[in-house]
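This report refers to the structure that appears directly beneath it.
The model shown is predicted, which means the values in this text are computed figures rather than measured ones. For the numbers below, each heavy atom of this structure counts, side chains included, while hydrogens, waters and symmetry mates do not. All chains are named by letter (A, B, ...) in the order of the sequence lines, taking the proteins before the strands, and each is independently numbered beginning at 1.
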Amino acid sequence: MIPPAFEYARPASVDEAVRALADAGEEAKVLAGGQSLLPLLRLRLAFPELVVDVGRIPELRGVREDGEALAIGALTTHHDVIHDPLVRRYAGLLAGATATVADPAVRHRGTLGGSLAHADPAGDLPAVALALDAELVAVGPAGRRTIPAREFFLDYLQSALSPDELLVEVRIPKTEGWGFHYEKFQRVAQAWAIVGVAALVRRADGHIAEARIGLTNMGSTPVRATAAERALAGADGPEAVARAAEAAAEGTRPSQDLSASPEYREHLARVLTRRAVLTAGGMG
Amino acid sequence: MTHIKVNVDGTPYEDEVEPRLLLAHYLRDRLGLTGTPIGCDTSNCGACTVELDGTTVKSCSVLAVQADGSTVTTVQGLAKDGEWTALQHAFHERHGLQCGYCTPGMIMAARDLLRENPHPTSDEVREALEGNLCRCTGYQNIVRAVLAAAGQQDGPGRQDASGRQVGEEVTA
Ligand SMILES: Cc1cc2nc3c(=O)[nH]c(=O)nc-3n(C[C@H](O)[C@H](O)[C@H](O)COP(=O)(O)OP(=O)(O)OC[C@H]3O[C@@H](n4cnc5c(N)ncnc54)[C@H](O)[C@@H]3O)c2cc1C
Ligand code: FES
Ligand code: FES
């Protein structure tokens with residue numbers, strides 16, 4: 001279908017973009033890779049008066065090291081994230097999970113910032129950002145602020161960004177030396193996750209010293225499986241991991257849709273958490 | 001209206017377009033380049049795949065204004081002086097199409113794969129084509145065509161005792 005009519009602006013800098021957004025108020029939409037927004041426009045599920053295309057702002061692209069963190073520009077494409085040597089070295093979980101997103105053509109356009117700002121609980125990268133304890137840097141008319149991933153995802157398709165704020169950077173604490181794995185359960189290739197589990201595991205003396213688990217599609221936002229994380233501390237083998245993974249769905253409120261019932265999603269969360277942790281911990 | 005300049009298949013164009021015009025519609029309806037078909041409304045089928053500045057995109061999921069200043073290659077721009085590329089020949093020879101609706105997208109996606117990975121395995125070919133749906137062929141001959149264009153054979157274990165080609169699912 002043909003999208004509804006809108007005005008179009010292509011600012012050359014972050015300042016210009018923020019001004020355009022502030023002038024337009026609630027009626028403007030940021031366009032990054034467009035791989036979520038354009039399908040929505042085509043299906044006439046969104047009616048912005050102004051589309052602000054931030055795709056040509058060079059400072060928003062690329063990955064750099066910043067002390068104990070990686071700073072990834074919000075407009076860095078999925079393709080570039082997957083192939084970036086710094087991301088592969090210091091945030092392997094993000095590189096691995098991004099490779100499961102959509103298909104090559106979508107990954108050439110879609111961006112890390114767009115995936116997070118879109119705040120779709122079925123998206124793979126919100127749960128990954130949560131497990132990585134990422135921080136999201138936004139710029140608005142009042143200046144710059146940093147939002148922890150735990151406070152960023154408010155509800156289904158709703159992030160902590162206000163309409164005149166631009167997500168500019170994603171900061172990820174380095175997890176070199178941690179084991180990691182993203183376990184995605186999908187109906188067919190290129191499909192969205194029915195449930196996904198992002199696992200990070202730090203081992204010491206043959207047991208799990210610390211585990212972090214992010215869950216995809218287990219509620220209206222991505223969530224951390226905190227009960228399972230606690231239970232995993234000290235786990236020293238596959239049986240202990242399996243017992244701890246039984247707690248993976250605690251406190252979640254998964255939805256019902258054509259692919260799965262809430263009970264089935266809870267079952268998947270437990271099974272996939274066990275698999276993800278065993279792989280991440282090199283115990284599988 | 002927004003003014004755009006795009007180079008498509010080697011020809012420069014300048015146009016006034018509505019911002020909401022999709023690149024796929026610009027190519028088909030404005031430039032008459034109907035070799036790039038539209039198969040879905042959900043960015044899923046990949047039939048509309050073209051190259052934008054050298055990498056594949058789904059042209060139904062890009063605005064024409066986003067292509068301003070860029071170079072676009074469609075399936076119609078591949079043959080040089082009427083001479084098909086190796087991939088086009090391979091799709092023809094290996095029977096990699098039936099109705100042909102998915103073929104432009106398949107060929108563009110396969111080109112992208114062979115640029116990054118000139119000698120893929122059949123699993124890698126399947127993964128690279130995950131964003132391209134075919135309703136007719138069952139994919140076997142498409143994978144064979146891509147492997148043939150890459151100069152690979154179909155790989156071990158895909159022939160029966162008499163040397164006849166059989167599908168992977170049959171042997172597995
Ligand atoms: C066929 C298909 C399959 C897909 N499969 C998956 C999948 O399996 N897993 C998955 O995780 N995703 C999947 N996606 C979504 C894909 O990852 C998108 O690229 C991503 O969700 C959005 O990124 P984008 O850059 O394209 O954002 P856009 O579509 O441009 O924007 C999305 C939303 O975020 C806002 N936004 C974008 N950037 C910013 C910013 N910097 N600041 C403020 N707001 C911003 C926009 O206003 C819009 O509301 C799929 C998409 C398609 C088309
Ligand atoms: S028409 Fe573009 S993906 Fe289907
Ligand atoms: S040949 Fe008909 S859709 Fe692929």
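If you measure heavy-atom distances from B/Leu52 to chain A, the contacts under 4.5 Å come from the side chain alone. Proximity to chain A (any heavy atom under 4.5 Å) is restricted, for B/Asp112, to the side chain, taken from C-beta onward. For a residue to count as touching a neighbouring chain, one of its non-hydrogen atoms must lie under 4.5 Å from one of that chain's; by this rule A/Leu31 touches chain B with the side chain only. B/Glu116 touches chain A through its side chain: at least one heavy atom from C-beta onward sits under 4.5 Å away, while N, CA, C and O do not.
For the 3.5 Å distance criterion, the side chains of A/His108 and B/Thr56 qualify, holding a donor opposite an acceptor.
Applying a 4.5 Å heavy-atom cutoff, the residues of residues 80-98 of chain A that approach chain B are A/His83.
Salt bridge absent: A/Arg107 and B/Glu127 never bring a charged side-chain N and a carboxylate O closer than 4.0 Å.
Among A/Ala102, A/Gly34, A/Ala5, the residue with the largest count of heavy-atom pairs under 4.5 Å with chain B is A/Ala5. Most heavy-atom pairs under 4.5 Å with chain A, from the set B/His25, B/Glu18, B/Gln66: that is B/Gln66. Considering only heavy-atom pairs separated by less than 4.5 Å from chain A, the leading option among B/Thr2, B/Val62, B/Thr49 is B/Val62. Annotation: maximal heavy-atom pairing with chain A below 4.5 Å, among B/Leu129, B/Asn44, B/Thr42, occurs at B/Asn44. Across B/Asn132, B/Leu21, B/Leu63, the residue that shares the most heavy-atom pairs under 4.5 angstrom with chain A is B/Leu63.
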(request) Show the numbers, then the answer: is there a side-chain contact (heavy atoms from CB on, under 4.5 Å) between A/His79 and B/Thr55? (result) CA-CA 10 Å; A/His79 177 269; B/Thr55 53; 5.8 Å; no
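Note that the CZ atom of A/Arg109 and the OG atom of B/Ser61 stand 9.5 Å from one another [nearest 0.5 Å]. Note that CD1 of B/Ile38 is 13.0 Å distant from CE of A/Met1, once rounded to the nearest 0.5 Å.
Taking all atoms of both residues into account, the shortest heavy-atom contact from B/Ala128 to A/Pro104 is O-CG, 3.6 Å. Nearest heavy-atom pair, A/Tyr8 versus B/Pro19, reported as atom, atom and distance to 0.1 Å: CB-CB, 3.5 Å.
No donor-acceptor distance shorter than 3.5 angstrom exists from the side chain of A/Arg42 to the backbone of B/Leu22, with no hydrogens or angles considered.
Applying the salt bridge (charged side-chain N to carboxylate O under 4.0 Å, His left out) test to residues at least two apart or on different chains, the pairs with a partner in residues 55-70 of chain B are A/Arg10-B/Asp68, A/Asp103-B/Lys58.
Considering only heavy atoms from C-beta on, B/Arg20 stays 4.5 Å or farther from A/Val51 through its side chain.
Surrounding OH of A/Tyr156 are at most 12 heavy atoms belonging to other residues, nucleotides or ligands under 6.0 Å away. Residue B/His92 qualifies as open at atom NE2: its count of foreign heavy atoms under 6.0 Å is 12 or below. Heavy-atom neighbours of B/Glu14 CD from other residues, nucleotides or ligands within 6.0 Å: above the threshold of 12. For A/Glu7, the CD atom sits in a loose shell: 12 or fewer heavy atoms of surrounding residues, nucleotides or ligands are nearer than 6.0 Å. When the shell of 6.0 Å around CD1 of A/Ile2 is examined, it contains 12 or fewer heavy atoms from other residues, nucleotides or ligands. Enclosure of atom CZ in A/Arg44 by more than 12 non-hydrogen atoms of other residues, nucleotides or ligands within 6.0 angstrom is indicated. A 6.0 Å sphere centred on CZ of B/Arg30 holds more than 12 heavy atoms belonging to other residues, nucleotides or ligands.
Legend: residues meeting side-chain contact (heavy atoms from CB on, under 4.5 Å) with A/Arg61, ordered by chain and number and at least two apart, are A/Leu75, A/Thr77.
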For residues 12-23 of chain A, run the donor-acceptor check on the side chains, cut-off 3.5 Å, and write out each pair with its distance to 0.1 Å, sequence neighbours left out.
residue, atom, partner, partner atom, Å
A/Ser13, OG, A/Glu16, N, 3.2
A/Glu16, OE2, A/Ala12, N, 3.4

